[in-house]
Structure formats: structure tokens, C-alpha cells
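Data block below; observations after.
Everything numeric here is computed off the predicted structure, so don't read it as measured data.
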Amino acid sequence: MKNTLYPHHNALIVGICVISLSACTTDWKNEGIYFQTTQTQLAVETKPVGKFYLNSNYVGDPPLNTTLEYGREILRKTRKVSYWRTQPGLTLLISLVSLGVYLPFSAIPVDIETSLEPTGNFKGNRFQIKLELEGQVTFEDEIICTGQDKFLYKKSFQ
């Protein structure tokens with residue numbers, strides 16, 4: 001049976017499929033880098049107990065907990081996308097209300113999608129520590145943080 005009421009029905013369906021499968025997005029573009037503050041919880045345990053210094057500042061006597069703050073490099077990328085990707089519900093609603101008139105326009109890249117990707121680069125993530133043990137030696141070391149949530153520093157001098 002031939003469809004005489006809607007003669008261009010098949011062409012419309014093919015057109016909609018082609019438009020929806022066409023490039024609705026553009027390639028990612030690097031928009032630069034920035035450093036975001038990152039924190040690591042430092043727990044210090046020593047035997048025997050002494051005085052704990054972090055970057056030449058007295059922090060307290062172990063066992064203790066303190067927060068280390070440093071910068072983590074973040075790569076910012078953007079790309080243009082269609083409303084089908086960023087606002088699919090609104091796009092579908094407008095397409096239905098407009099009886100499909102909005103459909104071809106909704107595939108045109110007009111919105112911007114942003115991606116923030118942490119890299120393996122850090123700034124200010126090296127911390128000098130010093131332990132002054134009562135009646136014994138002074139011990140110096142370095143802690144390097146790489147984005148971990150917690151860092152346990154445990155030392156025993158017996």
C-alpha cells in the first residue's frame with residue numbers, strides 16, 4: 001500500500017537519521033592549564049616521641065594529624081556540542097512541540113562542553129620534615145605528595 005497522505009515520509013525519516021548521526025560535536029580543544037588546591041591528610045607516628053617540624057614550622061608532638069596543601073595541574077578542554085548532548089530533554093520537548101521543525105536545528109553545535117582532566121603534575125608538593133627526638137638525634141626527611149587522600153609517616157628509633 002502506497003503512502004499517499006505523506007509522500008515524503010521516508011525521505012524525512014532518512015534525513016532525521018542522517019542529521020542525528022552527523023557531526024553533533026567538534027574536536028576537543030585545549031584551553032590551557034591551571035593549578036587546583038589539593039589536600040592530603042598527614043598522620044605522623046614516631047617512637048620515641050619528639051618534636052615534629054614541617055617546612056621549618058613546629059607542628060606538634062607525634063602522634064599527630066595535619067593537612068598538607070599543594071597544587072595539582074588541571075587541563076581544561078572544551079568542544080562545541082549540540083543541544084541533543086547537553087540538554088536532551090529540552091531539545092526533545094521543543095522538537096515535539098514544533099512538530100519536528102526544530103529537529104534539524106538542534107543538531108547544530110551551539111553549546112560548549114567543558115572537560116577538566118587532572119594531570120600527573122604537581123606544584124609545591126614537596127615537604128621538608130624534621131624530627132627532634134628528646135635526648136637523641138635530629139632526623140630530616142622529605143615527603144612528596146601525589147594527590148593521595150592520606151599519607152602515614154611512621155618512624156621508629158629504638
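There is no path of hydrophobic side-chain contacts, each under 4.5 Å, that joins Val49 to Phe139. Two different hydrophobic clusters hold Tyr34 and Phe122 under the rule that ILVMFWY side chains link at heavy-atom gaps under 4.5 Å.
At a threshold of 4.5 Å between non-hydrogen side-chain atoms, the residues Leu75 and Lys77 count as touching. The shortest distance between side-chain heavy atoms of Trp28 and Ser115 falls below 4.5 Å. A heavy-atom distance below 4.5 Å is found between the side chains of Leu68 and Leu54. Counting only heavy atoms from C-beta outward, the side chains of Phe127 and Ile144 never approach each other to under 4.5 Å. With contacts defined as side-chain heavy-atom distances shorter than 4.5 Å, the pair Glu45/Pro62 does not qualify. Between Arg72 and Phe35 there is no side-chain heavy-atom pair separated by less than 4.5 Å.
Between the side chain of Tyr70 and the main chain of Gly147, a donor-acceptor pair closer than 3.5 Å is present. With hydrogens and angles ignored, the 3.5 Å screen pairs a side-chain donor or acceptor of Asn55 with a backbone N or O of Gln128. Here the side chain of Thr40 pairs a donor or acceptor atom with the backbone of Gln148 at under 3.5 angstrom.
Shown here are the side chain to side chain contact (heavy atoms under 4.5 Å, CB included) partners of Thr67, two or more places apart in sequence or in another chain: Gln39, Gln41, Glu69. Every residue two or more places apart in sequence or in another chain was checked for a salt bridge (charged side-chain N to carboxylate O under 4.0 Å, His left out) with Glu73, and none qualifies. For Arg76, there are no salt bridge (charged side-chain N to carboxylate O under 4.0 Å, His left out) partners two or more places apart in sequence or in a different chain. Scored by the salt bridge (charged side-chain N to carboxylate O under 4.0 Å, His left out) test, Lys51 finds no partners at all (sequence neighbours excluded). Taking the salt bridge (charged side-chain N to carboxylate O under 4.0 Å, His left out) definition, one finds that Lys123 meets it with nothing, sequence neighbours left out.
Pairs engaging residues 39-62 under the ring-ring contact (aromatic ring centres under 6.0 Å, His included) rule: Tyr53-Tyr58 [sequence neighbours left out].
To the nearest 0.5 Å, atom CG of residue Asp149 and atom OG1 of residue Thr38 are 10.0 Å apart. Interatomic distance, CG of Leu152 versus CG of Asn65, reported as 9.5 Å (0.5 Å rounding). Atom CD1 of Ile74 is separated from atom CD1 of Ile33 by 10.0 Å, given to the nearest 0.5 angstrom. Distance check: Glu140 CD to Leu131 CG gives 9.5 Å after rounding to the nearest 0.5 Å. Rounding to the nearest 0.5 Å places CD1 of Ile112 at 9.0 Å from NZ of Lys29.
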Should Leu42 and Val44 be marked as a side-chain contact (heavy atoms from CB on, under 4.5 Å) after you check the CA-CA gap, both sets of side-chain angles, and the distance that decides it?
CA-CA 6 Å; Leu42 173 65; Val44 180; 3.8 Å; yes
Full working for side-chain contact (heavy atoms from CB on, under 4.5 Å) between Lys130 and Thr138
CA-CA 7 Å; Lys130 182 169 73 170; Thr138 299; 3.5 Å; yes
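Smallest separation of non-hydrogen atoms from Pro118 and Leu116: CD-O, 3.7 Å.
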